[in-house]
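Remarks on the structure that follows.
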Amino acid sequence: MATGTALLTPTLAQTAHAAGSVTVSAAGVTLVGQTDGSLLIQDGAGVDRVLVPYFMLKDSVLGQQRTYGGTPTLTTLADGSSAIQMAYVLSSGAPGVTVTGVFAAKPNQAELSWTVAGSSTLTPTGFMVGRTVSAATAAETYEPVTVWNRDTGGGVPYETNAGATYVETWADMQGFFYLAATTPAYTNATWMHAPGTSTGSDSAATSATLVLGGTRPRSAGAIATGAGLGVDAWTDQPFNLWNTPGAAMTLNAQVANGGAASQPVTVTWWAKDFAGQQIAGGTVSATVAAGAVWNGSFPVTGPAQGIVFTEVQAVAGSASAFARTNLAVLPDFAYQGGSTSMFGLANYPWLLKPNQAAVLGLLKTMGIKWIRNAYSGAPGIDTATLDANGILHNVELGAIPLNGTAAQISAWADASVATCTSSGAKHFEVGNELNQPWMSGQGADVYVRDGLQPIHDRLTAAGSAVKVSNCGLGGMDYNWTANFYAAGGWPLIDAFAIHPGRGNFTADYAPDPSTWTQGGTGTYWNFYGAVTKARQTVDTYGGGKALWLTEAYAPTRPNVWWSDTYRTAAENIVLSLALAKVQGVELVQWYQLHDSTIHHPQEADPTDVEYHSGMMMRDTSPKPSMLAYATVARALDQATFLRWLTFSDPLIKGLVFTTPNGPVSILWSRHDGYVLNADHGTGTGYATPEPWTDVWPTKTQVSAHTGTASGTVTVTDCVGRQSTLQASDFAVTLTLDGAPRIVWGLAENADWKTS
């Protein structure tokens with residue numbers, strides 16, 4: 001099904017304009033330059049929407065200087081159209097400085113620009129625009145604008161930034177203030193951050209565009225920039241996630257015409273499952289007016305459990321644009337692990353979209369029982385709400401004044417302990433990755449003296465039950481740990497914490513620590529070898545310390561060989577969490593919930609590995625990683641590791657766990673080795689396979705012992721897709737490759753030899 005929709009132009013009462021005002025109009029918008037120096041923006045029916053009362057410049061000498069009035073006149077633009085020019089008035093605090101605004105009306109948009117001149121010490125990055133929204137029905141929100149790109153070197157598409165919007169909401173429409181750049185932390189109810197650029201030795205300029213109507217942020221960006229075409233794809237379901245097997249899903253699409261003329265557009269869409277089979281798709285045609293949008297909706301039938309990848313592409317002549325998003329089905333599950341669960345989240349669940357209740361529901365659906373950071377003043381979900389929902393929480397606090405004065409150290413320790421205890425945290429991780437440079441061993445003694453010891457002393461004196469760990473180490477840095485032990489740090493902790501980073505190696509890759517190489521692509525960054533060495537360290541140093549992985553990762557930075565593909569990330573999450581169980585890890589906190597960084601929420605960054613560490617995409621739709629986390633959390637909810645399975649083929653690997661529902665096994669093959677993306681060249685670039693591409697060429701059949709003579713064996717892949725096999729004579733034949741399978745129905749001695 002598809003529908004065409006023009007931008008909204010409601011019919012409401014108009015406002016009378018004062019004498020001396022100057023007006024320009026276009027379809028869907030009217031601009032009124034008023035004699036007090038303000039600009040009134042109305043919709044096509046003359047209804048007041050936004051008032052821009054003043055502008056504020058920033059100068060390294062003059063400071064911040066705002067306008068106090070202005071004189072509007074008509075001016076003619078280069079294309080022959082009329083616009084409003086505003087000659088602003090400044091105070092005596094800005095002698096010789098001028099501010100001029102030029103405001104043009106285009107179909108459904110107001111193009112606003114300001115030029116500041118007369119000072120050689122301008123700071124354009126600090127420019128601000130005042131705005132007052134009339135009769136808003138919701139608070140202003142910040143929404144970045146991104147575009148999807150295809151890599152010229154091949155590989156998976158990726159998003160890049162294309163500006164940002166501040167979204168205004170009324171009962172009958174929305175408006176989008178589009179800016180090429182902005183910092184939302186600098187924007188408040190009065191001022192909108194509108195950084196400019198220098199245009200000369202004593203001048204600078206900035207601009208903003210208000211797009212009115214039924215668009216989405218990406219469409220508003222395409223219209224505001226005259227980008228030709230813009231495409232967005234989304235669903236109305238939180239996280240594009242359904243809990244009903246075979247759910248009827250609806251994929252929504254919007255095509256924006258940012259061009260100057262109406263265009264005929266061909267829209268092609270498809271939906272593919274985890275195996276790459278196209279399960280839905282089609283082509284429709286539409287004509288989209290200049291500055292307008294076309295809306296479509298397409299039906300998709302979901303799997304019993306699993307993920308669906310979608311793309312919508314629009315083509316008009318030589319212009320094209322596309323967007324992707326993922327849909328998924330994850331049925332509800334009643335986790336029973338409680339406080340004994342090891343499954344946690346390393347970063348704040350801070351992006352509370354679409355709302356806090358939905359995010360809480362997602363955490364519980366995924367099986368997340370622990371949040372690494374939650375305390376008064378922290379972003380995300382407050383501690384009382386976490387407690388009420390049965391989600392436990394810790395704190396990690398840094399900013400340790402290493403080598404500081406006694407007063408500085410004491411003040412920091414007092415404040416940190418107060419934050420920890422008032423939050424109700426169960427665990428306190430004292431600092432973060434202070435073992436730099438890696439494997440240098442430097443700084444462990446100072447850390448114990450100035451950071452860990454003061455925290456330990458205060459908690460002990462207070463009789464606190466809070467458990468303490470060292471700063472989570474970047475990698476298993478056994479040199480730093482030896483110095484930490486020698487400095488007396490070991491008796492001060494209840495748990496040993498590491499962050500086992502991993503490069504293009506499978507999660508079960510475990511080279512001998514004596515062979516680890518350093519550097520950005522060194523074998524030091526391996527998962528299972530690090531965890532195994534950490535377990536050996538805990539056992540050797542003694543004291544019954546717990547082992548925590550307070551950050552664990554499967555980053556999916558696109559088209560770089562050092563990172564996982566979207567598919568191998570999911571596979572490695574299953575293996576990482578299972579292998580953590582093998583080594584008796586008490587707590588694993590995955591980094592992080594969604595692609596983003598907290599300082600630039602939902603802005604795209606294809607080059608930042610940390611940004612790509614989420615289990616969800618930038619738009620909060622699921623990656624295969626999210627389903628993998630939930631799949632293994634369900635399988636191992638109350639599991640206890642029993643033993644490694646040893647098949648006659650040494651490259652067939654297996655683990656068996658006991659659970660209240662019987663044994664569960666995890667099986668895989670290493671016939672294709674432990675190195676991922678092994679066909680990469682000498683540079684960093686790599687054409688990452690699409691997520692539905694199976695990267696394991698070698699398939700090996702394995703006979704496994706079952707618990708009954710002719711029972712059913714259930715095989716679950718990394719995203720939760722299930723298949724069944726019928727046992728015969730207490731055996732079943734499994735086809736294995738490098739992707740782990742979770743298998744129910746095998747005996748505890750599945751590797752029993754029949755001959």
Side-chain angles (χ1 to χ4, degrees), residues 24 26 28-34 37-43 48-58 64 66-67 70 72 77 83-86 88 99-116 122-134 136 140-145 161-169 174-199 203-213 215-227 230 256 258 291 603:
V24 294
V29 67
T30 295
L31 310 185
V32 184
Q34 304 189 119
S38 65
L39 176 73
L40 176 64
I41 304 174
Q42 301 175 321
D43 63 26
D48 294 356
R49 295 298 179 176
V50 176
L51 183 71
V52 181
Y54 25 63
F55 178 86
M56 184 160 65
L57 63 92
K58 186 175 183 180
Q64 290 181 311
R66 53 154 286 189
T67 60
L77 301 179
I84 298 169
Q85 181 169 294
M86 185 71 71
Y88 285 103
V99 178
T100 304
V102 175
F103 313 127
K106 297 292 176 67
N108 304 302
Q109 59 185 307
E111 294 185 345
L112 318 176
S113 63
W114 294 267
T115 299
V116 183
L122 292 171
T123 309
T125 55
F127 287 0
M128 299 279 193
V129 176
R131 81 275 182 245
T132 302
V133 182
S134 177
E140 181 180 87
T141 59
Y142 166 76
E143 298 285 348
V145 175
N161 285 335
T165 61
Y166 292 101
V167 185
E168 318 299 350
T169 301
Q174 286 188 307
F176 299 81
F177 267 113
Y178 172 84
L179 301 104
T182 185
T183 301
Y186 299 162
T187 293
N188 55 39
T190 303
W191 296 104
M192 180 173 65
H193 181 230
T197 56
S198 295
T199 56
S203 62
T206 190
S207 63
T209 299
L210 178 64
V211 178
L212 294 174
T215 75
R216 290 175 61 80
R218 186 175 285 153
S219 298
I223 293 169
T225 58
E603 294 178 11

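- Residues forming a side-chain hydrogen bond (donor to acceptor under 3.5 Å, both in side chains) with Gln85 (at least two apart in sequence, or on another chain): none.
- Looking only at distances, a side-chain donor or acceptor of Thr67 sits under 3.5 Å from a matching main-chain atom of Phe55.
- Leu122 and Ala204 make their closest contact through CD1-N, 3.9 Å (heavy atoms, listed as atom of the first residue, atom of the second, distance).
- Remark: Thr183 engages Ala185, Tyr186, His193 in a side chain to side chain contact (heavy atoms under 4.5 Å, CB included) (not counting sequence neighbours).
- The side-chain hydrogen bond (donor to acceptor under 3.5 Å, both in side chains) search around Ser207 returns none, not counting sequence neighbours.
- When the side chain to side chain contact (heavy atoms under 4.5 Å, CB included) test is applied to Pro184, the partners found at least two apart in sequence or on another chain are Tyr142, Tyr166.
- Put simply, the side chain of Ser219 never gets that close to the backbone of Thr215: no donor and acceptor are under 3.5 Å apart.
- Residues satisfying the ring pair (Phe, Tyr, Trp, His ring centres under 6.0 Å) criterion with Phe103, sequence neighbours excluded, are Trp114.
- Applying the salt bridge (charged side-chain N to carboxylate O under 4.0 Å, His left out) test to residues at least two apart or on different chains, none of the pairs has a partner in residues 175-193.
- Considering only residues two or more places apart in sequence or on other chains, Glu143 meets the salt bridge (charged side-chain N to carboxylate O under 4.0 Å, His left out) condition with Lys353.
- Gln109 and Thr209 share no side-chain donor-acceptor pair at under 3.5 Å.
- The side chain to side chain contact (heavy atoms under 4.5 Å, CB included) search around Ala83 returns Thr75, Leu77, Val102, Ala104, not counting sequence neighbours.
- Partners of Tyr54 under the ring pair (Phe, Tyr, Trp, His ring centres under 6.0 Å) rule, at least two apart in sequence or in another chain, are Trp191.
- Of the possible polar contacts, one joining the Thr206 side chain to the Ala194 backbone as a donor-acceptor pair under 3.5 Å is found.
- Residues satisfying the side-chain hydrogen bond (donor to acceptor under 3.5 Å, both in side chains) test with Thr125, not counting sequence neighbours, are none.
- Put simply, the side chain of Val32 does not reach to within 4.5 Å of the side chain of Leu39, judged on heavy atoms.
- Partners of Ala222 according to the side chain to side chain contact (heavy atoms under 4.5 Å, CB included) rule, which considers only residues two or more places apart in sequence or in another chain, are Ala227, Ala256.
- Considering only residues two or more places apart in sequence or on other chains, Tyr178 meets the side-chain hydrogen bond (donor to acceptor under 3.5 Å, both in side chains) condition with none of them.
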